[in-house]
Amino acid sequence: MKDKTSVEKYKILIMILQNHLEHGVRVKVGHHFGTVRYVGEVPNTEGEWIGIEWDDPERGKHSGTVNGVQYFQTRSPTAGSMIRSEKLTKFQTLEQAIAEKYTMTEDTLRLDSEMIRAVQKQLHAPLFEIVGMEKVGGKQSNLQQLVDVSVRYCPVNVAGDLSSFVNLQMLDVSATLLWNWTVVANIAEQIPTLQELNLSNNRFVDPYEEQISMLAQKFQNIQKIILRSCAIGSWSELVRLARMWPAIEYLSLEQNDIGYIEDEAPYIVALSRLKHLDLQNNSVRDVESIRNLGKLPALEELLLNGNGIREVRFADCPHNEKVELFRQLRTIYLRDNPLQDQCGTFNELDKLARLERVTLDPDPSVSYEETVARIVGSIGGLRMFNRSTISEKLRRDSECDMWKLYANQWAEVRNDAQRLKAFFKSHRMYPRVMERLGSPEQFLPDTRKVTNMIHLQLLNEKTVELREKKVPKRINLHTLQNLIVKLFGLPDCTSSLQLYLLDRKRKVRIPLENHGKSLDFYSVEDNDTIVFE
């Protein structure tokens, strides 16, 4: 246990460190956050000035240049300001912020009692009470029992003495004034039970190379880190930071400035245990970047919503094999991406060995039901689409729909080995569906030509003269008689001409007596013989 003198010295040291302003220190004025870029004098003025680069690029008045002199440089032309230190929000230690928020004092208990009485009066319910209030208050007062703590928006910039928090597992220090990884490591070291850190909406100075291995020893119990909106500018920058987190399994990087994903060798060590990766609302959109993410060996869940992805494409492989990328991936989120070819995307996702859950926007050019049929019929191992479980009946129906949909394309290439191979490459599911359902020939359109003409054998029974003639099926017998007269050069005696249909199978002659009827009325077929006398 620390003696009284040691405790006082420690508090003095913390206060000095806490209020020391240098390049990179995070500050707050009102509701605006910024980073110190300059500390010193400005000619023709008195006292010390603090040069700030604001997170809000329109909060300032300049880019770090005052009266023609450049004191610092901001990324935006109106993100810089010179202010006096008195305007800065007073810093807190994490210890102070937690105690202030979670310790129940006589004043807070009195205020809670007044609030309850006001509610009782408003509801006309004198017996109204908040069940468990004493239990909650007792737990809050006993800091040793805290498991989850949030000091979001508090002006915290150093740790303080955190030895009291012996059960703390989750700590939210988002939108505070933390600015360097040494302080964060100090927090993790003082709370060995800590597993989850939310550091969102902060800006950190990159650690020196020699610091990384030293800090990694202090983060050895941290499994989950959230770095939403932390202005991380590249994937290589993130991989360098990840070398400090040897046990990391869950990493959220939503709304940063990450674009191209490099093929980084440090994956093997730095992110070898990573199971969940959130890259929503970045700029990870090219095919190669997605492939490089596939080299993360333990990744099970990947969030890529809102990245501007137009295409997903992996290496070619036979329809009955899988690619070597994303070997453990089970869930992928692709919402808010302008995918150009959804069917092509589904075909590519079928190459992933363990993919079970997919979330994406339906194709607006087709019905939602058709989108479901396409993805379920295309990805063999899919178990859930857009949070809906896929039943075996839906799978069978969807595969049947795909079987019918691509029947014509299959028929066009089935006799050409090279074209058939290319078809199976673009429609990986088709061979396995055919194994179950057989050939789709029954769904092919009838390509036989439909004609209204038939060939007739016309036989003059008296002269045994035989002529062939192509005539319409719907020609009536009266017109046929005139045709026979002209064809055989008979005298104009059509009224006495008798016509018969020769049924060779039954060896009978069927009289054609109603001259107003057509040939199809008598079921005259192609190559039948008409006898006349």
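Partners of His32 according to the side-chain contact (heavy atoms from CB on, under 4.5 Å) rule, which considers only residues two or more places apart in sequence or in another chain, are Trp54, Asp56, Arg59. Gln255 is linked by a side-chain contact (heavy atoms from CB on, under 4.5 Å) to Arg228, Ser229, Asn281, counting only residues two or more places apart in sequence or in another chain. Qualifying side-chain contact (heavy atoms from CB on, under 4.5 Å) partners for Gln217, counting only residues two or more places apart in sequence or in other chains: none. The side-chain contact (heavy atoms from CB on, under 4.5 Å) search around Ser150 returns Lys101, Tyr102, Arg152, Asp172, not counting sequence neighbours. Take Lys275 and apply the salt bridge (charged side-chain N to carboxylate O under 4.0 Å, His left out) test, not counting sequence neighbours, and it matches no residue. Residues passing the side chain to side chain donor-acceptor pair (under 3.5 Å) test with Glu209 are Arg240, Arg243, sequence neighbours excluded.
Under the side chain to side chain contact (heavy atoms under 4.5 Å, CB included) rule, Glu237 has a single partner from Asn256, Ile232, Asp257, which is Ile232. The residue from Ile332, Thr331, Thr345 that alone fulfils the side chain to side chain contact (heavy atoms under 4.5 Å, CB included) condition with Val358 is Ile332. Just one of Leu94, Asn198, Asp148 meets the side chain to side chain contact (heavy atoms under 4.5 Å, CB included) condition when paired with Leu171; it is Leu94.
In this structure, Asn201 contributes its side chain and Ser174 its backbone to no donor-acceptor pair below 3.5 Å. Looking at Arg395, its side chain does come within 3.5 Å of a backbone N or O of Gly380 through a donor-acceptor pair. With hydrogens and angles disregarded, no donor-acceptor distance shorter than 3.5 Å links the side chain of Asp278 to the backbone of Glu254. A side-chain donor-acceptor contact under 3.5 Å links Asn167 to the backbone of Gln144. Within the 3.5 Å criterion, the main-chain N or O of Asp361 finds a donor-acceptor partner in the side chain of Gln342. In this structure, Asn307 contributes its side chain and Ser283 its backbone to a donor-acceptor pair below 3.5 Å. Judged by distance alone, with hydrogens and angles left aside, the side-chain atoms of Ser289 form a donor-acceptor pair with the main-chain N or O of Ile261 at under 3.5 Å.
With hydrogens and angles left out, the side-chain atoms of Glu288 and Tyr260 include a donor and acceptor closer than 3.5 Å.
Contact record, Lys28 with Tyr153: NZ-O, 3.0 Å, taken as the closest heavy-atom pair. The two atoms that bring Leu352 and Leu325 nearest to each other are CD2-O, 4.1 Å, heavy atoms only. The two residues Phe33 and Thr176 have their closest heavy-atom pair at CE2-O, 3.7 Å. Pairing each heavy atom of Arg75 with each of Ala231, the nearest pair is NH2-CB, 4.3 Å. Of all heavy-atom pairs spanning Met402 and Met429, the tightest one is CB-CE, 3.8 Å.
Side-chain contact between Tyr38 and His23 is absent, with no heavy-atom pair separated by less than 4.5 Å.
Between Phe314 and Phe326, the angle of the ring planes goes over 60°, which puts this pair in the perpendicular group of the 30/60° scheme.
Under 4.0 Å is where a charged nitrogen must lie from a carboxylate oxygen, and between Arg383 and Glu356 no such pair does. The pair Lys322-Asp350 counts as a salt bridge, with a side-chain nitrogen and a carboxylate oxygen less than 4.0 angstrom apart. With respect to the salt-bridge test (charged N to carboxylate O, under 4.0 angstrom), the residues Glu370 and Arg374 qualify. Using a 4.0 Å cut-off between charged side-chain N and carboxylate O, Glu348 and Lys351 make a salt bridge. Salt-bridge check for Arg26 with Asp55: passed, with a basic side-chain N closer than 4.0 Å to an acidic carboxylate O.
Within the model, atoms CD1 of Ile212 and CH2 of Trp245 stand 10.0 Å from one another, a figure rounded to the nearest 0.5 Å. To the nearest 0.5 angstrom, Leu355 atom CG is 5.5 Å from Ile379 atom CD1. In this structure, CG in Asn180 is found 11.5 Å from CG in Asn202, a value given to the nearest 0.5 Å. Taking CG of Leu227 as the reference point, atom CZ of Phe204 lies at 7.0 Å (rounded to 0.5 Å).
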